[in-house]
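The structure under discussion appears below in the form of structure tokens.
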Amino acid sequence: MKETGLNIRIYGDKALRRKAKPIKKVGSEERLLAEEMANIMHANAGVGLAAPQVGVNKQIIVVDIGNGPLKLFNPRIKQRKGSCLMEEGCLSLPGVSVNVKRAKEICVECLDESSKKVSMRAEDLLARVIQHEIDHLKGKLIVDYADILRKLKIRKAFKKKLKK
């Protein structure tokens, strides 16, 4: 695999807090980026990755919970059902996990790799990972779900890591 220059941004990086811009049309550049993101995600044993996590301000996410990668462009949650509290980690917050309440089932609308608008239903882990990655497109991180004391502790720990 050739070196792409893309790397996972870590908590504290401003790229993680920007709202990602929608894709006008999915072209070869976006497909290549999604493929590179999938490779980075797999190389880091992740189940999801959003473009802002590699410093790209575009609404692209990749997800793979073991059934092969899904590449979603401009994903939007159209419907939510149920709820479930579960511990989540994040490639941009290594070593941190936070309990996050999310919908158990969702309906997502997005563009596919050929720029066609598609809808899909997801439940359980797949729904959770898609919701997590869509949060990244909005500049939201799992730390935002933590109570204030936990947020301060995480922020302090990452400030120390960033200074090293």
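Below, all heavy atoms of this structure are taken into account, side chains as well, without hydrogens, waters or symmetry copies. Computed from a predicted model, the values in this text were never measured in an experiment.
The line from OG of Ser92 to CG of Leu49 is 7.5 Å long, rounded to the nearest 0.5 Å. Separation of atoms CG (Leu149) and CD1 (Ile154) is listed at 11.0 Å; rounding is to 0.5 Å. The structure places NZ of Lys24 at 12.5 Å from CG of Leu111, a figure rounded to the nearest 0.5 Å. In this structure, the separation between NZ on Lys78 and SG on Cys107 is 9.0 Å, given to the nearest 0.5 Å. Atom SG of Cys110 is separated from atom CD1 of Ile23 by 12.0 Å, given to the nearest 0.5 angstrom. Here the CG atom belonging to Asp147 is positioned 10.5 Å from the NZ atom belonging to Lys153, to the nearest 0.5 angstrom.
Classification of Asp124 and Arg102 as a salt-bridged pair fails, no side-chain N sitting under 4.0 Å from a carboxylate O. Using a cut-off of 4.0 Å between Lys/Arg side-chain N and Asp/Glu carboxylate O, Arg80 and Glu105 are scored as not salt-bridged.
Residues Ala127 and Ala103 approach most closely at CB-O, 4.3 Å, considering heavy atoms. Closest of all the heavy-atom pairs between Gly139 and Asp144 is O-OD2, 4.3 Å. When all heavy atoms of Val26 and Asp112 are compared, the pair lying nearest together is CG2-O, 3.6 Å. Scanning both residues, Pro75 and Val108, for their nearest heavy atoms gives CB-CG1, 4.1 Å. The minimum heavy-atom distance linking Asn74 with Pro22 is given by the pair OD1-CA, 3.2 Å.
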From CA spacing to verdict: side-chain contact (heavy atoms from CB on, under 4.5 Å), His132, Cys90: CA-CA 9 Å; His132 176 112; Cys90 180; 3.7 Å; yes
Criterion side-chain contact (heavy atoms from CB on, under 4.5 Å) on Leu33 and Leu6, from CA distance to verdict: CA-CA 9 Å; Leu33 174 59; Leu6 296 176; 3.6 Å; yes
From CA spacing to verdict: side-chain contact (heavy atoms from CB on, under 4.5 Å), Phe158, Leu93: CA-CA 8 Å; Phe158 275 86; Leu93 284 124; 4.0 Å; yes
Verdict with supporting geometry, Glu88 and Arg128, salt bridge (Lys or Arg N to Asp or Glu O under 4.0 Å): CA-CA 9 Å; Glu88 291 183 20; Arg128 177 167 294 279; 2.6 Å; yes
side-chain contact (heavy atoms from CB on, under 4.5 Å) assessment of Lys19 paired with Leu137: CA-CA 6 Å; Lys19 289 188 178 168; Leu137 301 181; over 6 Å; no
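Proximity of Asn67 to Leu126: side-chain heavy atoms (C-beta onward) are nowhere separated by under 4.5 Å. You'll find the side chain of Lys140 reaches within 4.5 Å of the side chain of Tyr145, heavy atoms only. You'll find the side chain of Lys71 stays beyond 4.5 Å of the side chain of Arg31, heavy atoms only. In this structure, Glu109 and Val118 have side chains that are not in contact, with every pair of non-hydrogen atoms separated by 4.5 Å or more. You'll find the side chain of Gln131 stays beyond 4.5 Å of the side chain of Val129, heavy atoms only. For the pair Leu72 and Ile60, the minimum side-chain heavy-atom distance is 4.5 Å or more. Taking 4.5 Å as the limit, every side-chain heavy atom of Met86 sits out of range of all side-chain heavy atoms of Val100. Side-chain contact check for Ile106 versus Gln79: every heavy-atom pair is 4.5 Å or farther apart.
A distance-only check finds no donor-acceptor pair linking the side chain of Arg9 to the backbone of Leu16 [under 3.5 Å]. Judged by distance alone, the side chain of Asn44 and the main-chain N or O of Ile40 form a donor-acceptor pair under 3.5 Å. Between the side chain of Gln53 and the main chain of Ala50, a donor-acceptor pair closer than 3.5 Å is present.
Leu91 and Val63 fall into different hydrophobic clusters, defined by Ile, Leu, Val, Met, Phe, Trp and Tyr side-chain heavy atoms under 4.5 Å apart, directly or through other members. In the hydrophobic cluster analysis, where Ile, Leu, Val, Met, Phe, Trp and Tyr join through side-chain heavy atoms closer than 4.5 angstrom, Met120 is grouped together with Leu125.
Each of Val47, Val54, Ile61, Val62 was checked for a side-chain contact (heavy atoms from CB on, under 4.5 Å) with Met41, and the lone residue meeting it is Val62. The residue from Glu30, Arg76, His136 that alone fulfils the side-chain hydrogen bond (donor to acceptor under 3.5 Å, both in side chains) condition with Gln59 is Arg76.
Take Lys151 and apply the side chain to side chain donor-acceptor pair (under 3.5 Å) test, not counting sequence neighbours, and it matches no residue.
With a 6.0 Å cutoff to the six-membered ring centre and a 45° limit on the axis angle, Lys58 does not count as a cation-pi contact of Phe73.
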